Amino acid sequence: MAEAMKMRATMEGGIVDVKVLIQHDMETGLRKDTKTDKLIPAHFINQVIATLNGKIVLDAQWGIGIAKNPFIGFRIKDAKPGDKVGINAVDNLGTKFDGEVVVS
Amino acid sequence: MNKLRRAFLKNAGVVGTVAIAIAAALLKPVTVFAATWNSRAFTSKNPADAINNSGYGGATESSDILIKAPDIAENGAVVPISATSNIRGTTSMAIFVEKNPTPMIADFKFSNGAEPYISTRIKMAKTSIVRVSVKAGGINYTNSREVKVTIGGCGG
């Protein structure tokens, strides 16, 4: 599912700025299908872990209120070009989304 | 009398040890649970419950939490928000939208050099207070601002 995630990690004044975009519908479970008039089941990413060279830097839990095709930006100090930033995300149905980017 | 007191204290000591053992046994499942999704907080329907169930209750208002969000969001389905905590020792940050069907949006824990900063895009059902709370040194702090929404982003 690598194509489902876009990542960028750039150095800005000694701090790595990471931007992550994941393709996901983020269904709340509150929306109705206009044709069938039935609720569309909830389907959303609820856990995201970010690592720097394998060490956890961000451990996130999400609810249904994160927008469709989630974007997340965060910053890490004590990093340098060549370091690896990884993302491991999972949705409420157990589908995993992984990505990795080298700091530039 | 003295003997009785001594016996009592001895027993109290035993009871104390047992209590600690029980507490330790109880602590174990709690720490394991902390790693799993906090469904209680995320499914809470009112803001106070969501805040308390996520462990951000009893927070002190602080302008050292900076919230960047639009004053008016034309589309509630995608509202950009970023927050920075200038409170020393900030270890985690949570976002709440008080008028959403489930107010808790997200909880971020920082470690190993992550700055207390998050940028993301959230859903807002309608005009609401957006609250950002942080934990720093075992104390909770919070700040909020209103975002007006012209078209809601939750439900059908």
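Letters A, B, ... mirror the listed sequences (proteins, then strands); counts begin at 1. Fair warning: this is a prediction, and the values are worked out from it, not measured in the lab.
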Distance from [X] atom [atom1] to [Y] atom [atom2], nearest 0.5 Å?
| X | Y | atom1 | atom2 | answer |
| --- | --- | --- | --- | --- |
| B:Ile118 | A:Ile72 | CD1 | CD1 | 4.5 Å |
| A:Ile64 | B:Thr102 | CD1 | OG1 | 3.5 Å |
| A:Lys68 | B:Lys123 | NZ | NZ | 9.0 Å |
| A:Ile66 | B:Ile81 | CD1 | CD1 | 9.5 Å |
| B:Glu115 | A:Ile15 | CD | CD1 | 4.0 Å |
| A:Lys55 | B:Asn112 | NZ | CG | 5.0 Å |

Shared hydrophobic cluster for [X] and [Y] (ILVMFWY, side-chain gaps under 4.5 Å):
| X | Y | value |
| --- | --- | --- |
| A:Leu21 | A:Val18 | no |
| B:Ile129 | B:Tyr56 | no |
| A:Phe71 | B:Val79 | no |
| A:Phe44 | A:Val48 | yes |
| A:Ile56 | A:Ile87 | no |

Would one find more than 12 heavy atoms of other residues, nucleotides or ligands at under 6.0 Å from atom [atom1] of [X]?
| X | atom1 | result |
| --- | --- | --- |
| A:Leu93 | CG | yes |
| B:Glu74 | CD | no |
| B:Arg145 | CZ | yes |

Steps toward side-chain contact (heavy atoms from CB on, under 4.5 Å) verdict (A:Leu58, B:Phe110) = CA-CA 5 Å; A:Leu58 194 68; B:Phe110 307 105; 3.5 Å; yes

Any idea which heavy atoms bring [X] and [Y] closest together, and the distance?
| X | Y | answer |
| --- | --- | --- |
| B:Ala77 | A:Ala67 | O-CB, 3.3 Å |
| B:Ala106 | A:Trp62 | CB-CD1, 3.7 Å |
| A:Ala60 | B:Phe108 | CB-CD2, 3.4 Å |

Hey, does B:Val78 have a side-chain heavy atom less than 4.5 Å from the side chain of A:Asn69?
->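 No, side chains not in contact.
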
Segment of B:Phe42 engaging chain A (4.5 angstrom heavy-atom cut-off) =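 Only the side chain of B:Phe42 comes within 4.5 Å of chain A.
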
Chain B contact via A:Ile45 - side chain, backbone, both or neither, heavy atoms under 4.5 Å =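 A:Ile45 has no heavy atom closer than 4.5 Å to chain B.
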
Find the one option among A:Arg75, A:Lys77, A:Met26 whose heavy-atom pairs under 4.5 Å with chain B are most numerous.
->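 Looking at each of A:Arg75, A:Lys77, A:Met26 in turn, A:Arg75 comes out on top.
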
Which residue out of A:Asn92, A:Val57, A:Ile76 racks up the most heavy-atom pairs below 4.5 Å with chain B?
->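 Sorted descending by pairs with chain B, the first entry is A:Val57.
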
Give the member of B:Ser54, B:Pro116, B:Gly113, B:Ala41 that has the highest number of heavy-atom pairs under 4.5 Å with chain A.
->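 So the answer, after comparing B:Ser54, B:Pro116, B:Gly113, B:Ala41, is B:Gly113.
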
